[in-house]
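First the structure, in the form of structure tokens, and then the observations on it.
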Number of protein chains: 2
Amino acid sequence: MVKLNSPSVGGVQTRGANRDDLRQGNLATLLEYVYKNTTISRSDLTAATGLNRSTISDLVGELVDLNLVSESESPQAGRVGRPSANVTISDSIFAITVVPRHHSTTISAVAMNGTVASRVRIATPIHPSPEEVCDAVERGIAQVRAELKRGSRVVGVAVVVSGQVDVRNNSVRICSMLKWVDVPFGSLLEERLKMPVWVDNDGSLACMAESSFGAGRGFSDIIYLFGGAGGIGGGVVIDNQLVRGSRGYAGELGHIRITDSRSVDSLGLTGTLEALVNRDDLAHALGLDDPEDDDLSRAILSATTPRAIRLIEKKIQALGFALANLVNIFNPQVILLSGFLQPLFQANDYSLLSKMRQNAVAGSREHVQIRTTELGGRILEIGGAQLAFTDLIADPARARFF
Amino acid sequence: MVKLNSPSVGGVQTRGANRDDLRQGNLATLLEYVYKNTTISRSDLTAATGLNRSTISDLVGELVDLNLVSESESPQAGRVGRPSANVTISDSIFAITVVPRHHSTTISAVAMNGTVASRVRIATPIHPSPEEVCDAVERGIAQVRAELKRGSRVVGVAVVVSGQVDVRNNSVRICSMLKWVDVPFGSLLEERLKMPVWVDNDGSLACMAESSFGAGRGFSDIIYLFGGAGGIGGGVVIDNQLVRGSRGYAGELGHIRITDSRSVDSLGLTGTLEALVNRDDLAHALGLDDPEDDDLSRAILSATTPRAIRLIEKKIQALGFALANLVNIFNPQVILLSGFLQPLFQANDYSLLSKMRQNAVAGSREHVQIRTTELGGRILEIGGAQLAFTDLIADPARARFF
DNA sequence: TGTATTTGTTGTCTGTGCCAACATAAACCC
DNA sequence: GGGTTTATGTTGGCACAGACAACAAATACA
């Protein structure tokens with residue numbers, strides 16, 4: 001990818017580019033287009049990239065030779081002129097995604113076209129040790145790969161952790177769900193599997209997925225917030241780039257403080273968004289005991305008791321404060337809400353919007369939208385796969401498979 | 001600038017690159033190095049960019065032909081081998097910076113090497129109208145340019161506004177200091193001056209300057225906070241890029257809410273950092289009436305009355321909460337404090353650091369530093385000039401002067 | 001003074017993307 | 001239904017940016 005304009009601001013550290021980089025960048029750009037669109041015509045690629053027809057022909061040819069994309073006659077009729085061939089992303093290149101939970105770990109094979117070809121859930125002890133998860137992953141991958149058709153290629157493994165991850169060395173700083181502290185899980189797993197492993201935070205990956213394939217499509221500046229049983233996570237995309245921070249801990253949006261309340265969140269911080277807006281409170285007030293997401297959502301939207309309605313309104317107010325903070329800091333185009341934050345928004349979108357606007361600066365509050373997310377239960381698999389495919393897309397010619 | 005790796009995350013919008021872009025990008029990279037370092041040897045450029053010696057020779061030659069840099073024998077002795085020629089940024093290319101205040105506007109000519117060659121302050125009526133500022137700028141530029149030596153070239157005008165600026169169209173959304181609302185000042189001035197005009201927020205520009213030439217050098221992820229009489233402004237640099245948001249309103253860090261306090265800030269928002277930590281309160285408690293920055297600073301650092309000490313501590317606590325929020329959101333490497341926030345930090349750095357750490361998540365709080373800024377009174381001129389030079393640096397061959 | 005080391009210079013070469021001309025395949029038009 | 005229009009794929013030649021190798025130049029060091 002070649003980025004012109006806006007030179008880097010800090011200490012200069014840009015390297016020069018040679019002819020190889022040029023070719024590599026163009027291949028990457030093309031492959032990214034095909035990946036993001038699953039299938040796209042050659043003429044659209046020409047228009048989008050601004051490259052010459054003959055160049056596109058050459059580059060696509062190379063991607064076909066690399067077995068990364070395939071060309072097919074386009075059945076798209078109705079337009080004057082010679083029909084343009086469709087370029088479709090490979091359906092035989094996979095990322096393995098790993099999502100460890102309290103007492104089970106889910107392993108999936110996700111193709112570049114987004115389909116989950118195979119998925120298994122391996123039970124583990126409660127709060128499994130890193131080794132126990134490694135065992136589960138090893139078994140899971142064997143099972144998952146057995147179901148893939150012959151000739152399938154795997155780029156590596158993406159581990160989606162609900163906790164703080166140092167993305168520079170793929171190690172888990174803290175994961176309360178698994179009770180892990182400073183676990184170099186990436187290295188552990190890499191040694192076992194002899195293939196590349198990437199580890200990242202669930203909120204960041206979900207944000208990335210939603211940005212590329214979900215409700216964030218077409219927006220360059222996005223705030224993503226997810227409310228789950230474990231708390232509130234999130235992610236930020238600025239100028240089409242995921243904000244990771246210096247080590248990858250950025251986007252801990254649940255832990256921003258908004259009030260003096262002494263209620264604490266999952267990390268013991270007081271007055272934070274997560275401390276004020278939590279799932280258990282809501283479920284309890286609505287008379288539910290450990291409900292499924294859908295049940296909680298329905299309950300929130302059809303709440304009738306004054307106490308429940310008051311509580312919901314209170315949560316909406318708190319969420320509004322947090323959103324205002326984020327709007328003031330980022331001036332985003334859109335805020336995406338998922339998990340139980342989604343029904344909160346739907347229960348009284350006017351209230352949430354006005355609370356947010358009340359506490360945001362003039363310019364930023366004016367055009368920001370709040371939306372619900374589009375990707376459902378597969379979001380972590382899609383986000384994890386995207387992480388695993390990143391290197392391949394950045395340098396298609398040098399891709400290695402396992 | 002060619003950026004490899006990490007493909008854009010959102011809707012794809014990258015264009016392809018051809019050989020011209022390659023050349024342009026390399027010229028830009030080189031010029032940026034020279035600009036950021038003022039002077040740098042050719043061999044250092046070779047090492048930094050990874051380009052071939054002969055290529056550097058060719059590219060630097062082009063920059064010399066364009067009169068953007070000059071080469072000189074290097075007196076740097078002591079090293080084995082043929083001495084490498086020094087490349088120095090031009091001292092005859094200028095940006096005009098404009099900083100409008102309550103009742104005067106300062107116009108400066110800033111060279112690419114950072115020196116302020118000429119500066120005038122033109123008095124205006126209190127709360128001047130856009131036209132009145134235009135008049136002042138027109139007169140000021142004439143005066144400033146008269147002092148420049150023959151052969152000087154000007155790239156354009158950068159207006160530094162203490163308020164919210166829509167950078168897409170260079171218009172001022174709100175500036176309370178000037179009492180402006182929705183003023184398309186960039187267009188107005190451009191029409192008058194017949195040269196390019198850029199407008200941006202003071203906090204963002206100061207952050208950029210500090211990042212490139214001040215205490216932020218060498219860091220890629222920076223939070224900048226400035227405390228002045230008008231309130232608290234700021235800026236954010238992520239991955240060496242200034243965070244501007246979708247319209248340029250990002251970085252309103254003074255308006256993030258941290259408590260339930262009902263005290264209001266300059267925009268009427270309650271419980272925000274700016275509402276809690278303000279200059280007038282401090283000056284008053286220290287028995288000062290509209291003090292200069294230096295006097296206030298000294299007073300803060302030598303406060304003795306219990307009331308003053310208590311107030312300072314209270315401000316430090318509030319600042320700590322705000323910093324924790326920013327750390328949780330951005331995971332920065334360094335936080336830069338300036339204005340009256342600087343003596344607050346120096347008065348009790350331990351207190352500020354621990355308050356921040358207490359409220360930040362584990363990973364992010366561990367390696368973050370708090371520092372004071374390095375650029376003094378010239379910071380807005382340097383930042384403004386950097387804005388004005390951006391286009392020139394991004395495409396040196398196509399530069400136009402006025 | 002000679003050698004090692006580093007950097008600048010020059011001419012040649014490779015390969016990437018552009019371009020123009022032609023081929024191809026659809027819609028459109030009478 | 002054949003000619004025209006429009007858009008896209010294909011091909012061969014071309015321009016030019018950057019790499020490379022060989023040589024020259026200028027320093028430190030023994």
Side-chain angles (χ1 to χ4, degrees), chain A residues 1-2 4 14-30 40-66 69-87 395-397, chain B residues 1-2 4 14-31 40-66 69-87 395-398:
Chain A
M1 175 180 58
V2 176
L4 309 172
T14 324
R15 293 187 65 80
N18 57 26
R19 274 198 336 273
D20 290 346
D21 299 327
L22 185 63
R23 181 79 170 183
Q24 173 188 329
N26 283 338
L27 280 175
T29 302
L30 281 192
I40 182 174
S41 76
R42 257 164 72 164
S43 67
D44 286 346
L45 286 174
T46 312
T49 60
L51 296 172
N52 194 280
R53 283 210 299 275
S54 51
T55 307
I56 295 291
S57 182
D58 190 24
L59 291 168
V60 170
E62 183 165 348
L63 291 178
V64 170
D65 289 346
L66 290 164
V69 305
S70 61
E71 279 191 296
S72 58
E73 294 305 309
S74 98
Q76 57 152 15
R79 293 180 50 191
V80 194
R82 177 172 176 176
S84 188
N86 268 340
V87 184
D395 194 353
Chain B
M1 177 179 58
V2 176
L4 309 172
T14 324
R15 293 187 66 80
N18 57 27
R19 274 196 336 275
D20 291 345
D21 298 327
L22 186 64
R23 179 81 172 182
Q24 174 189 329
N26 283 338
L27 279 174
T29 302
L30 281 192
L31 186 56
I40 182 175
S41 76
R42 257 164 70 164
S43 66
D44 285 347
L45 285 174
T46 312
T49 59
L51 296 172
N52 193 280
R53 282 209 301 274
S54 54
T55 308
I56 295 291
S57 181
D58 189 25
L59 291 168
V60 169
E62 182 164 347
L63 292 179
V64 170
D65 289 345
L66 290 165
V69 305
S70 60
E71 278 189 295
S72 59
E73 295 305 309
S74 98
Q76 56 152 16
R79 294 179 49 190
V80 193
R82 176 174 177 176
S84 188
N86 268 339
V87 184
D395 194 353
R398 214 163 297 167

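Chain identifiers are assigned alphabetically (A, B, ...) following the order of the sequence lines, protein sequences preceding nucleic acid strands; residue numbering begins at 1 within each chain.
The line from CD of B:Glu71 to CZ of B:Arg42 is 4.5 Å long, rounded to the nearest 0.5 Å. Atom CG in B:Leu51 sits 6.5 Å away from atom CG in B:Leu59 (nearest 0.5 Å). Atoms OG1 and CG, on A:Thr49 and A:Leu30 in that order, are 6.0 Å from each other to the nearest 0.5 Å. Atom CD of residue B:Glu62 and atom OG of residue B:Ser57 lie 12.0 Å apart, to the nearest 0.5 angstrom.
Side-chain atoms of A:Asn26 come within 3.5 Å of backbone atoms of B:Ala17 as a donor-acceptor pair (strictly under, hydrogens ignored). In terms of modelled atom types and a separation under 3.5 Å, the side chain of A:Ser43 and the main chain of A:Ser84 share no donor-acceptor contact.
Heavy-atom distances under 4.0 Å link DNA chain D to B:Arg53, B:Ser54, B:Thr55, B:Leu59 of residues 53-62 of chain B, given in residue order.
Across the protein-nucleic acid pair, A:Arg15 atom CZ and D:dG18 atom P stand 15 Å apart, rounded to whole Å. Rounded to whole Å, the distance from CD on A:Gln24 to P on D:dA17 is 21 Å. For the pair A:Arg42 CZ and C:dA25 C1', the computed distance is 14 Å after rounding to whole Å. Straight-line distance from the CG atom of B:Asp21 to the C1' atom of D:dG18: 15 Å, rounded to whole Å. Rounded to whole Å, atom P of C:dT7 lies 15 Å from atom CD of B:Glu71. As a whole-Å value, the separation of B:Arg23 CZ from C:dG17 C1' is 16 Å. Look at CG on A:Asp44: it is 12 Å from C1' on D:dA7, rounded to the nearest Å. Separating the CG atom of A:Asn26 from the C1' atom of C:dG15 is a distance of 14 Å, rounded to the nearest angstrom.
Computed from C1' positions of five pairs at each end, the angle between the two local axes of the helix from C:dT1-D:dA30 to C:dC30-D:dG1 equals 10°, rounded to 10 degrees.
Out of D:dT8, C:dT16, D:dT6, the shortest distance to the side chain of A:Ser84 is found at D:dT8.
Contacts of A:Ser70 classified as side-chain hydrogen bond (donor to acceptor under 3.5 Å, both in side chains), with partners at least two apart in sequence or in another chain: none. Listed by chain and residue number, nothing satisfies the salt bridge (Lys or Arg N to Asp or Glu O under 4.0 Å) test with A:Asp44 (two or more places apart in sequence, or in another chain). With sequence neighbours left out, B:Asp20 forms a side chain to side chain contact (heavy atoms under 4.5 Å, CB included) with B:Asn18.
The 5' end of DNA chain D is approached more closely, in terms of each residue's nearest nucleotide, by A:Asn52 than by the other of A:Asn18 and A:Asn52.
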Enumerate the protein-to-nucleotides 14-16 of chain D contacts in which both atoms are nitrogen or oxygen and the separation is below 3.5 Å.
from	atom 1	to	atom 2	distance (Å)
D:dC16	O4'	B:Arg19	NH2	3.3

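The minimum heavy-atom distance between B:Arg15 and A:Ala48, with the atom names listed, is NH1-O, 3.6 Å.
Among residue pairs with one or both ends in residues 50-60 of chain B, those qualifying as salt bridge (Lys or Arg N to Asp or Glu O under 4.0 Å) are B:Arg23-B:Asp58; sequence neighbours excluded.
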